[in-house]
Amino acid sequence: YASASDLSQIPPAAAFAAIPVDRIAINRITLRRLDAGHAIVQQLNGRVNYAEKSLLLSMGEADAQGLQAALFLSESGNCAGRISHAGMEVAQMNCQLMQLESGPVVRGSLQVDLGRLDSQLGIWLSMPEYKLSGSMQAGWKLDLAGGIRQLNFESTFNIDAHLDAIKLSLKGSVTYTGGKGGWVLADDSLARFGDDFRSRLSFAGLSGGFSVEDALSLSLNHGGILQPQDIQFCVMSI
């Protein structure tokens with residue numbers, strides 16, 4: 001973590017130092033979702049407060065049981081975000097922005113309730129027909145030393161989810177540097193399928209890469225193993 005003498009080098013501290021006032025309040029921000037006839041279907045009202053070298057953005061529906069969201073950033077580089085609905089947490093993020101010798105770095109953690117997130121995305125976006133539930137935990141590090149075009153990102157994830165008749169238990173990691181990345185799926189990850197076709201799929205040494213430079217491309221490294229087990233289809237069992 002940065003020392004007090006390094007605090008002025010942290011981007012939030014530098015940005016806040018450039019603001020020539022001690023307090024700013026924006027009391028009304030409105031985000032509306034309209035139907036095809038331009039009638040309001042959903043509306044989020046928000047506000048921004050800047051005081052004591054900290055910035056807080058909050059938005060939500062008028063009903064306290066509706067969708068609520070908040071984002072916080074302090075001069076010391078502490079940041080946090082939260083989305084909730086009906087008093088229940090949808091997603092929570094905590095992070096710390098630090099100034100290292102190599103440049104600014106953000107480290108953080110994320111917890112998501114996939115079922116509640118899916119229900120909210122279905123309101124705002126056109127989503128395919130499915131039902132998702134479960135949870136995701138992730139830790140991540142973002143290196144900003146090279147600027148936006150040379151972002152360095154690494155993350156570990158743990159996902160336990162139900163997608164209709166599919167049950168997923170996935171662990172692994174993702175890395176990304178300057179338009180190219182890699183992924184690894186842990187050997188104790190599993191996928192189970194139900195209903196008419198039932199099976200269990202396990203993994204060993206499964207990894208690959210991806211690129212987003214021109215168009216999204218995915219690759220699978222040699223040597224990975226996909227192993228189906230306990231296959232059942234109607235009266236047939238393997």
Side-chain angles (χ1 to χ4, degrees), residues 1-100 103-125 136-149 151 153 155:
Y1 290 85
S3 65
S5 61
D6 295 329
L7 187 60
S8 62
Q9 300 177 17
I10 297 177
F16 291 163
I19 299 177
V21 296
D22 294 328
R23 182 181 297 271
I24 298 173
I26 301 174
N27 293 318
R28 185 172 181 82
I29 301 172
T30 303
L31 179 63
R32 297 186 179 98
R33 183 169 64 92
L34 308 178
D35 62 15
H38 300 287
I40 298 175
V41 177
Q42 188 177 31
Q43 177 171 307
L44 302 179
N45 298 315
R47 59 184 302 167
V48 175
N49 281 301
Y50 170 75
E52 298 179 355
K53 302 299 182 181
S54 295
L55 181 69
L56 175 64
L57 166 65
S58 59
M59 298 201 72
E61 295 182 283
D63 181 358
Q65 294 298 304
L67 183 65
Q68 307 292 326
L71 183 64
F72 170 79
L73 176 63
S74 73
E75 180 188 36
S76 62
N78 290 316
C79 46
R82 183 174 182 266
I83 301 174
S84 64
H85 181 259
M88 306 295 288
E89 201 144 279
V90 177
Q92 181 176 358
M93 177 195 71
N94 292 287
C95 55
Q96 174 71 47
L97 197 155
M98 299 166 288
Q99 181 68 34
L100 304 181
V105 171
V106 186
R107 288 195 176 104
S109 62
L110 176 68
Q111 297 85 39
V112 180
D113 185 304
L114 296 175
R116 295 191 182 111
L117 179 64
D118 178 55
S119 65
Q120 293 306 307
L121 288 177
I123 294 173
W124 289 84
L125 303 173
M136 179 182 74
Q137 296 81 40
W140 48 275
K141 174 186 172 185
L142 184 63
D143 186 348
L144 304 172
I148 298 297
R149 296 187 178 217
L151 287 178
F153 173 81
S155 174

To the nearest 0.5 Å, what is the distance between CZ on R107 and CG on L97? 11.0 Å
Enumerate the residue pairs fulfilling disulfide (SG to SG under 2.5 Å) with a member in residues 20-55, sequence neighbours excluded, ordered by first and then second residue. none
Pairs of donor and acceptor atoms involving the side chains of residues 79-86, under 3.5 Å and at least two apart or interchain, shall be tabulated with distances.
{"from": "R82", "atom 1": "NE", "to": "E89", "atom 2": "OE1", "distance (Å)": "2.5"}
{"from": "R82", "atom 1": "NH2", "to": "E89", "atom 2": "OE1", "distance (Å)": "3.4"}

Does CG in D35 sit with more than 12 non-hydrogen atoms of other residues, nucleotides or ligands closer than 6.0 Å? yes
What donor-acceptor contacts under 3.5 angstrom involve side-chain atoms of residues 63-72, with partners at least two apart or in another chain?
{"from": "D63", "atom 1": "OD1", "to": "Q65", "atom 2": "N", "distance (Å)": "3.0"}
{"from": "Q68", "atom 1": "NE2", "to": "E61", "atom 2": "O", "distance (Å)": "3.1"}
{"from": "Q68", "atom 1": "NE2", "to": "D63", "atom 2": "O", "distance (Å)": "3.3"}

With sequence neighbours left out, write down each residue that passes side-chain hydrogen bond (donor to acceptor under 3.5 Å, both in side chains) with R116, or none if nothing qualifies.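 For R116 the side-chain hydrogen bond (donor to acceptor under 3.5 Å, both in side chains) partners, ignoring immediate neighbours, are D113.
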Heavy-atom closest pair (S74 atom, P12 atom, distance to 0.1 Å) is O-CB, 3.5 Å
Which heavy atom of V41 sits nearest to which heavy atom of L34, and what is that distance? CG2-C, 4.1 Å
Run the side chain to side chain contact (heavy atoms under 4.5 Å, CB included) test against [X] and tell me which residues pass, sequence neighbours left out.
X: R28; value: T30, Q43, N45
X: I29; value: I26, V48, L57, M59
X: R47; value: N27, N49, S58
X: S109; value: N94, Q111

Tell me the ring pair (Phe, Tyr, Trp, His ring centres under 6.0 Å) pairs involving residues 15-56, sequence neighbours left out? F16-Y50
So, do Q96 and N78 sit near enough that their side-chain heavy atoms are less than 4.5 Å apart?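 Touching, per the 4.5 Å side-chain cut-off.
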